Amino acid sequence: MIHSPPPPGTLYASGSRGRILVATRDFEPGSIIAKFDAPILALPDGPGATTTCNYCLRVGTAGDLKACNACKAAVYCNQACQRAHWKLIHKHECKVFVRVRQSANKNWLPTPVRAVIQVLFLLKEGNARAIEAFLGGENAAQDNIDDVWVSGDALEDNVEGFKSHPKIWLDFKVQATAAIEYCGWKPTPDTVLSAQQILCQIQTNAFNRFDADSGRSGIFLDPALARINHSCIPNAFVDFHNRTAILRAYYPIKEGEEITLSYTDTNYSKSTRQEALTLYHFKCECPRCSENLDVYEVCQKSPVIPLNTFSLQPDLSKLRNPPVDRSVVSKAQVESIWKTWTEQTMPEEGDPMDVARKRWELCQPLVKAKMWAIEPLPSTLLSLNCHWMSSYKWVFYSLPLACFLATEIDPYRNVVPFFPWRLKGVVAIVKLLTLMGSLTATGELAKRCPHEGIVGVLAIADEVLICEGLLRLVIKQAEIGAGEDWDVLQFAKEMLKDLETLPGRKKESDLIRKWAENPEDGPGKAFFESEVLKPVRVLASFAPEILDDVLGKGLGLVRT
Ligand SMILES: C[S@@+](CC[C@H](N)C(=O)[O-])C[C@H]1O[C@@H](n2cnc3c(N)ncnc32)[C@H](O)[C@@H]1O
């Protein structure tokens with residue numbers, strides 16, 4: 001019996017790049033390949049033990065999580081979460097947290113130490129999946145020899161690779177020793193080595209369960225998900241909802257094709273991606289790496305460009321022929337800009353505008369080449385916009401910048417329009433429009449906003465209608481690429497419901513609804529283009545000039 005069999009629609013195989021996961025049927029972009037809802041490890045990052053439900057992994061809000069009475073460390077939403085976690089692992093871990101408090105006066109453990117402790121307890125209690133995953137098939141129950149052959153050996157550990165990084169290997173030794181001691185056992189050279197090997201397996205096979213909303217990381221390890229190899233042009237992506245990882249197709253996947261994921265941010269430069277992959281001990285030979293393709297080149301070749309017909313960037317020819325000037329900046333220069341950008345030290349308490357100005361200056365070759373989607377320009381603009389959104393003085397500029405990010409940058413970086421990150425960018429525009437709408441109504445906008453163009457567009461545009469169109473877009477795409485329980489989808493649905501109760505909007509609402517039901521519907525499409533897309537595009541067109549003015553030439557446009 002295989003305790004972690006391949007999910008339906010896939011099979012395990014092996015080849016020159018180790019064991020892999022292969023599709024046994026076709027998958028459309030956005031469709032769910034598999035859900036992994038029984039991970040061997042699913043835990044928040046170290047300090048997150050006291051701020052995130054340790055079972056369902058929901059990030060708490062002030063005081064809504066209760067700590068375990070015994071260890072006073074692990075927190076939970078309610079008794080159901082606490083009981084479920086107790087049964088899974090906390091019955092063993094609870095004593096560990098008590099020991100940590102007594103010996104180190106702390107109520108959390110470093111993430112890898114906690115992860116290895118959990119694995120050690122699962123192995124000790126005879127958990128068949130953990131034994132199969134960490135020790136190998138021959139140690140698991142052998143009901144059927146064929147199954148065991150398919151199941152293969154234990155999770156890849158890359159031990160020799162880690163040993164060739166003496167500092168990492170030593171860190172693993174320290175963490176392994178601490179884990180064994182916190183379990184209440186006496187470390188011996190053999191048990192420390194075994195725990196070091198488990199750390200290597202965790203490092204090689206666990207996913208960083210990153211939650212972009214809370215900015216919190218964590219660990220998620222499922223043996224079947226861990227079969228998936230890396231590509232910098234992956235055909236699938238994974239999204240986390242509580243204790244479940246959902247694997248979806250990014251590109252159309254054909255029966256017999258290998259399923260791939262990216263272990264790092266695909267938008268980073270080649271050297272940065274390769275550096276991140278050194279911890280996985282292989283050389284990536286995907287086309288993005290071997291031909292050193294940038295995001296525009298990957299987008300140009302993408303088979304999913306046509307899906308953008310129903311998006312904020314429906315100009316497919318622009319995605320196929322991006323309006324960039326490659327003669328201005330070489331790929332080597334881009335690498336060097338990225339390197340300097342990451343090495344620039346920024347004062348922690350410094351003015352975010354000073355940081356943005358420094359970064360903007362560094363990115364000038366990319367700006368001149370109109371290579372807005374090439375890092376580090378998007379990261380520069382994203383963090384600037386985070387600051388602008390919450391700033392009384394700068395908030396007006398946030399709307400054009402959000403429109404620019406959603407129309408001129410995000411579609412090149414994530415070509416499928418249902419990608420959650422892209423949809424979040426559209427929701428950001430809705431939130432800013434709502435704010436601007438209230439400022440327009442009170443006359444504040446005209447008084448405070450120094451940019452006449454923004455004031456003019458918002459005076460003419462129907463903000464409610466734009467929001468309605470954008471929300472319908474988000475809802476339709478999120479249903480393809482994210483799923484019902486995504487909080488952004490819930491927000492969009494609730495807000496749309498509110499907008500629909502506003503009186504006197506039936507005609508406009510009907511046209512937008514028609515367009516969402518059928519984006520090729522003639523009148524609906526024309527209406528969406530003139531009433532939603534056009535103002536968004538005009539607002540976006542102000543962004544380069546505003547950025548240049550505010551970050552480059554000084555504060556010309558800003559009222560003092
Ligand atoms: C999460 S595991 C993936 C499953 C793995 N192939 C196995 O046999 O267990 C990650 C490891 O797979 C290998 N791997 C992943 N992607 C690869 C790629 N594109 N080329 C070569 N090896 C790769 C590396 O050894 C890496 O450390």
Side-chain angles (χ1 to χ4, degrees), residues 2-7 10-23 33-34 36 39-42 112 115 119 129-140 148-165 168-169 172 196-210 218-238 240 245 247 250-251 253 257-266 268 270 272-293 298:
I2 308 171
H3 298 284
S4 292
T10 68
L11 60 78
Y12 293 154
S14 57
S16 59
R17 300 187 300 132
R19 292 159 303 177
I20 57 175
L21 195 70
V22 172
I33 301 171
F36 302 87
I40 290 185
L41 292 175
V119 174
R129 286 183 76 220
I131 291 173
E132 183 181 72
F134 286 92
L135 304 180
E138 71 273 23
N139 291 291
V148 173
W149 181 82
V150 180
S151 144
D153 282 324
L155 292 170
E156 172 68 78
D157 58 30
N158 288 319
V159 164
E160 293 312 313
F162 283 112
K163 278 184 181 165
S164 67
H165 294 270
I168 297 179
W169 187 242
F172 281 2
Q196 265 173 293
Q197 181 174 340
I198 293 172
L199 278 163
C200 293
Q201 289 172 305
I202 293 171
Q203 173 59 52
T204 302
N205 295 280
F207 277 79
N208 176 10
R209 191 191 168 285
F210 182 69
I219 279 189
F220 188 99
L221 193 152
D222 181 285
L225 186 63
R227 290 287 172 131
I228 304 180
N229 269 359
H230 163 90
S231 168
C232 301
I233 313 184
N235 57 15
F237 67 103
V238 71
F240 295 96
L247 178 71
Y250 187 95
Y251 290 130
I253 300 176
E257 207 179 305
E258 180 184 351
I259 296 166
T260 54
L261 283 170
S262 178
Y263 299 174
T264 179
D265 189 331
T266 53
Y268 287 161
K270 181 175 167 182
T272 308
R273 293 197 311 275
Q274 295 201 334
E275 200 183 315
L277 293 174
T278 51
L279 281 179
Y280 294 90
H281 313 281
F282 71 93
K283 184 167 183 297
C284 186
E285 281 165 357
C286 75
R288 192 173 208 139
C289 287
S290 49
E291 295 165 43
N292 196 8
L293 303 177
V298 173

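In this text the structure is predicted, and so the values were computed from the model without any measurement. Counting starts at 1 for both ligands and their atoms, following the listed order.
- T260 places a side-chain N or O within 3.5 Å of a backbone atom of N235 that can act as its donor or acceptor partner.
- Nearest protein neighbour of atom 8 (O) of ligand 1, counting heavy atoms only, is R19 N, 2.7 Å.
- Of the protein's heavy atoms, T204 CG2, 4.0 Å lies nearest to atom 11 (C) of ligand 1.
- The shortest side-chain heavy-atom distance between F172 and I202 does not fall under the 4.5 Å cut-off.
- Of all atoms in ligand 1, listed by their number and element, those nearer than 4.0 Å to a heavy atom of Y280 are 24 (C), 25 (O), 26 (C), 27 (O).
- Ligand 1 does not have S231 within reach: every non-hydrogen atom of the residue lies 4.0 Å or more from it.
- Remark: R273 is not positioned above the aromatic ring of Y268, lacking an NZ or CZ atom under 6.0 angstrom from the ring centre and at most 45 degrees off the axis.
- Contacts of F237 classified as ring-ring contact (aromatic ring centres under 6.0 Å, His included), with partners at least two apart in sequence or in another chain: F419.
- Close N/O approach between N229 and ligand 1 is found [any backbone or side-chain N/O within under 3.5 Å].
- Only the side chain of F282 comes within contact range of ligand 1, with a heavy atom under 4.0 Å; no backbone atom does.
- Of the polar atoms of R17, at least one N or O is found under 3.5 Å from an N or O of ligand 1, judged by distance alone.
- The shortest separation from a heavy atom of T260 to ligand 1 is not under 4.0 Å, leaving the residue out of contact.
- For atom 16 (N) of ligand 1, the closest heavy atom belonging to the protein is H230 N, 2.9 Å.
- Ranking protein heavy atoms by distance to atom 10 (C) of ligand 1, first place goes to Y263 OH, 3.3 Å.
- By the 30° and 60° cut-offs, the orientation of the rings of Y280 relative to Y263 is tilted.
- Residue pairs meeting the salt bridge (Lys or Arg N to Asp or Glu O under 4.0 Å) criterion with at least one partner in residues 155-165, sequence neighbours excluded, are E160-K163.
- Polar contact check, K283 against ligand 1: no nitrogen or oxygen pair lies under 3.5 Å apart.
- Formation of a donor-acceptor pair under 3.5 Å by the N158 side chain with backbone atoms of Q201 is not found in this model.
- Set against the non-hydrogen atoms of I228, the atoms of ligand 1 under 4.0 Å away are 3 (C).
- Between the side chains of R129 and S4, at least one donor-acceptor pair of N or O atoms lies under 3.5 Å.
- Looking at I259 and T10, their side chains come closer than 4.5 Å, going by heavy atoms from C-beta outward.
- Of the protein's non-hydrogen atoms, A226 O, 3.1 Å is the one closest to atom 3 (C) of ligand 1.
- Contact between D153 and R19 at its shortest, heavy atoms only, is O-NH1, 2.8 Å.
- By the criterion of a heavy-atom distance under 4.0 Å, the backbone of R227, and not its side chain, is placed next to ligand 1.
- Heavy-atom contacts of E156 reach the following atoms of ligand 1: 9 (O) (cutoff under 4.0 Å).
- By the 3.5 Å distance cut-off applied to N or O atoms, N158 is counted among the residues near ligand 1.
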